[in-house]
Q: 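Supplied in structure tokens, the structure appears directly below.
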Amino acid sequence: NIDDATSWMDATETAIKDVDGRLDNAITYVTQAATGTVNAKDRADITKQLDQYAQYIYEQDMNSDYAGRYIFTGYRTDQALLFDQAQDNVVYTIHEELDINNINKYSYVYGRAEIGDTNITDANYKNAQKYADEAPKFLDTHRILVSYADLMDATGSTAITTTDSEGNSETETYKHPFIVYKDKDGNEKFVNVTLKSISADDVYNDHLKPGDNDIYLVKETGELVFGDTIYDDIRGGKDLMITYEKNEFNKNDIRPEHYFTCSTVDTGTNETAVYNTHPQSEIDEMDTKGYYEQMSFRDQTIQYQINFSQTITVNTEGRNAVDTSFGRAVYDIKNQCNELDVIEAKMAEVEKRIADLDESQDAERIADLTELKSQLQTQIDLQKSVLVKGLGSMITTIQAAKQKINVALAGHGSRYIRMAMTENKLDELQIDTEQAKSDNEDADLGEAYINFTETNLLYQATLNATSKVLGQSLLDFI
């Protein structure tokens with residue numbers, strides 16, 4: 001088993017170290033990008049290069065296999081880490097554990113001037129004052145990205161039974177999505193989450209502006225946004241988890257069952273499955289038996305026996321080495337670059353409209369469009385600030401990802417050293433055993449030849465003496 005375990009762990013170490021190297025390259029690149037001009041060409045280069053890093057890390061390194069077995073997928077070594085093709089026929093209910101420390105202050109542009117009709121007589125024509133009234137604002141919120149975008153309108157719900165200190169039980173049903181967390185006193189709290197769609201915004205980026213006690217989950221982007229009051233309560237607590245649903249997955253998306261506790265329903269066959277939940281025997285042994293603990297991911301360690309009554313864990317699960325944060329950060333930067341592309345395209349359209357007008361005949365329209373141009377330029381400047389801050393935040397995200405990799409490598413290395421020590425000990429035992437066997441069973445050829453020669457000489461001398469004694473008779477003495 002040691003040879004097989006060594007090969008498995010060698011393959012794991014190679015992949016993880018390669019990811020670490022790619023992240024080093026990404027940090028260097030993002031740092032340079034954050035101090036650049038972020039013009040259209042720079043943005044195209046940024047999105048292209050970051051995409052390449054993300055694709056290589058997840059599709060090459062994290063989807064690695066050894067001898068036909070995927071090394072980062074826990075017990076499901078026969079199943080790839082990623083979807084091999086797009087699918088939309090299976091509904092996943094995902095229970096994702098979130099690190100409260102990763103909820104960040106996020107600056108965004110709220111509101112923007114939208115281009116009105118061309119002619120003054122048109123119903124939706126806007127004058128300069130209307131454009132001025134639509135001036136964008138720079139606001140802040142509290143945000144974290146869940147692991148997936150393009151979420152579905154939730155159809156399911158979960159009934160949760162809680163028991164107070166006096167043994168009184170209460171059951172309440174929460175429609176998906178919802179969150180659970182422990183407040184500063186350790187009490188488990190459940191909060192409904194509002195599923196928002198960007199297309200339903202009355203004001204640009206209204207989906208990023210929840211009420212003080214509200215939480216929004218944005219379908220298209222997977223942004224989880226917290227109002228100020230609820231954020232303050234969550235920030236002082238711990239053990240945050242969100243439950244949400246998703247059915248549309250692209251090729252090379254991470255399969256949720258490898259990273260999260262989840263359940264599935266096939267919409268065609270109604271076949272159901274549950275992944276990574278704790279059996280009742282483990283729940284009974286938990287010190288705290290809250291919803292968070294029960295729905296937390298159950299680790300899948302593969303152990304090899306390497307000596308009598310001695311086993312070692314040979315695998316490192318993907319979620320414990322490289323999570324989804326880097327890929328999601330790349331996705332976020334791409335969205336911010338796309339927003340800038342859209343605004344600059346509008347600016348080009350407005351500039352063309354102004355150029356097509358006659359100053360002597362269209363002075364009023366030119367003044368109105370000039371105000372719109374001014375508002376668009378303000379929005380471009382603000383959006384560039386968002387992008388630069390996003391790139392700075394991404395550096396922090398990559399550094400956190402590297403720290404997670406280093407922890408995984410340290411654990412992997414300690415197990416590898418232990419296995420090597422066991423192998424050396426077994427080698428020594430084998431040598432000692434073979435020596436003892438040789439001492440008992442094998443002969444030294446030189447010593448055996450000398451002993452044979454001495455014995456043969458003694459034997460020949462004995463025969464010679466005997467022949468002389470037996471060859472004499474009484475007549476020899478008469």
Q: Are the side chains of Arg143 and Asn104 in touch, meaning some heavy atoms are under 4.5 Å apart?
A: no
Q: Set out, in order, the CA-CA distance, both residues' side-chain angles and the distance that settles side-chain hydrogen bond (donor to acceptor under 3.5 Å, both in side chains) for Gln375 and Gln379, then state yes or no.
A: CA-CA 6 Å; Gln375 298 300 334; Gln379 188 179 351; over 6 Å; no
Q: So, Tyr148 versus Tyr92, ring centres under 6.0 angstrom or not?
A: no
Q: Look at the aromatic rings of Tyr108 and Tyr110 and report parallel, tilted or perpendicular, splitting at 30° and 60°.
A: perpendicular
Q: Going by side-chain contact (heavy atoms from CB on, under 4.5 Å), Asp212 matches just one of Thr229, Asp232, Ile230. Which one?
A: Thr229
Q: Can Glu172 and Ile160 be said to form a side chain to side chain contact (heavy atoms under 4.5 Å, CB included), step by step?
A: CA-CA 5 Å; Glu172 189 168 352; Ile160 298 173; 6.0 Å; no
Q: Is any side-chain heavy atom of Ile302 less than 4.5 Å from a side-chain heavy atom of Tyr75?
A: yes
Q: Gln300 and Asn276: side-chain donor and acceptor closer than 3.5 Å?
A: yes
Q: Looking just at side-chain N and O atoms, do Gln79 and His258 make a donor-acceptor pair shorter than 3.5 Å?
A: yes
Q: Between Asn252 and Phe83, does the side chain to side chain contact (heavy atoms under 4.5 Å, CB included) criterion hold? Intermediate values first, please.
A: CA-CA 5 Å; Asn252 293 325; Phe83 285 102; over 6 Å; no
Q: Cut-off 3.5 Å, side chains only: do Asp323 and Ser325 have a donor facing an acceptor?
A: yes
Q: Strictly by modelled atom types, are His176 and Thr243 linked by a side-chain donor-acceptor pair under 3.5 Å?
A: no
Q: Quick one: are Tyr259 and Glu97 in side-chain contact, heavy atoms under 4.5 Å?
A: no
Q: Check whether the side chains of Glu96 and Tyr244 place a donor and an acceptor atom closer than 3.5 Å, and report yes or no.
A: yes
Q: Does a donor on one side chain and an acceptor on the other come within less than 3.5 Å for His278 and Ser296?
A: yes
Q: Any side-chain heavy-atom pair from Thr316 and Arg415 closer than 4.5 angstrom?
A: yes
Q: Quick one: do the Tyr66 and Asp10 side chains pair a donor with an acceptor below 3.5 Å?
A: no
Q: Which of parallel (below 30°), tilted (30 to 60°) and perpendicular (above 60°) describes Tyr231 and Phe226?
A: tilted
Q: For Thr221 and Glu223, which I'm curious about, is there any donor-acceptor pair between the side chains at under 3.5 Å?
A: yes
Q: Under a 3.5 Å cutoff, is there a donor and acceptor pairing between the side chains of Asp140 and Ser107?
A: yes
Q: Measuring from Leu195:CG to Phe178:CZ, what's the distance to the nearest 0.5 Å?
A: 14.0 Å
Q: Which value, rounded to the nearest 0.5 Å, describes the distance between Asn320 atom CG and Phe72 atom CZ?
A: 11.0 Å
Q: Do Ile312 and Gln303 come within less than 4.5 Å of each other through their side chains, counting heavy atoms only?
A: no
Q: Quick check: do Val109 and Tyr204 have side-chain heavy atoms less than 4.5 Å from each other?
A: yes
Q: Set out, in order, the CA-CA distance, both residues' side-chain angles and the distance that settles side chain to side chain contact (heavy atoms under 4.5 Å, CB included) for His412 and Thr12, then state yes or no.
A: CA-CA 9 Å; His412 174 90; Thr12 301; 3.9 Å; yes
Q: Given side-chain hydrogen bond (donor to acceptor under 3.5 Å, both in side chains), test Gln129 with Asp133 step by step and report yes or no.
A: CA-CA 6 Å; Gln129 185 57 52; Asp133 292 341; 2.9 Å; yes
Q: Quick one: does any side-chain atom of Asn63 pair with a main-chain N or O of Leu81 as donor and acceptor, under 3.5 Å?
A: yes
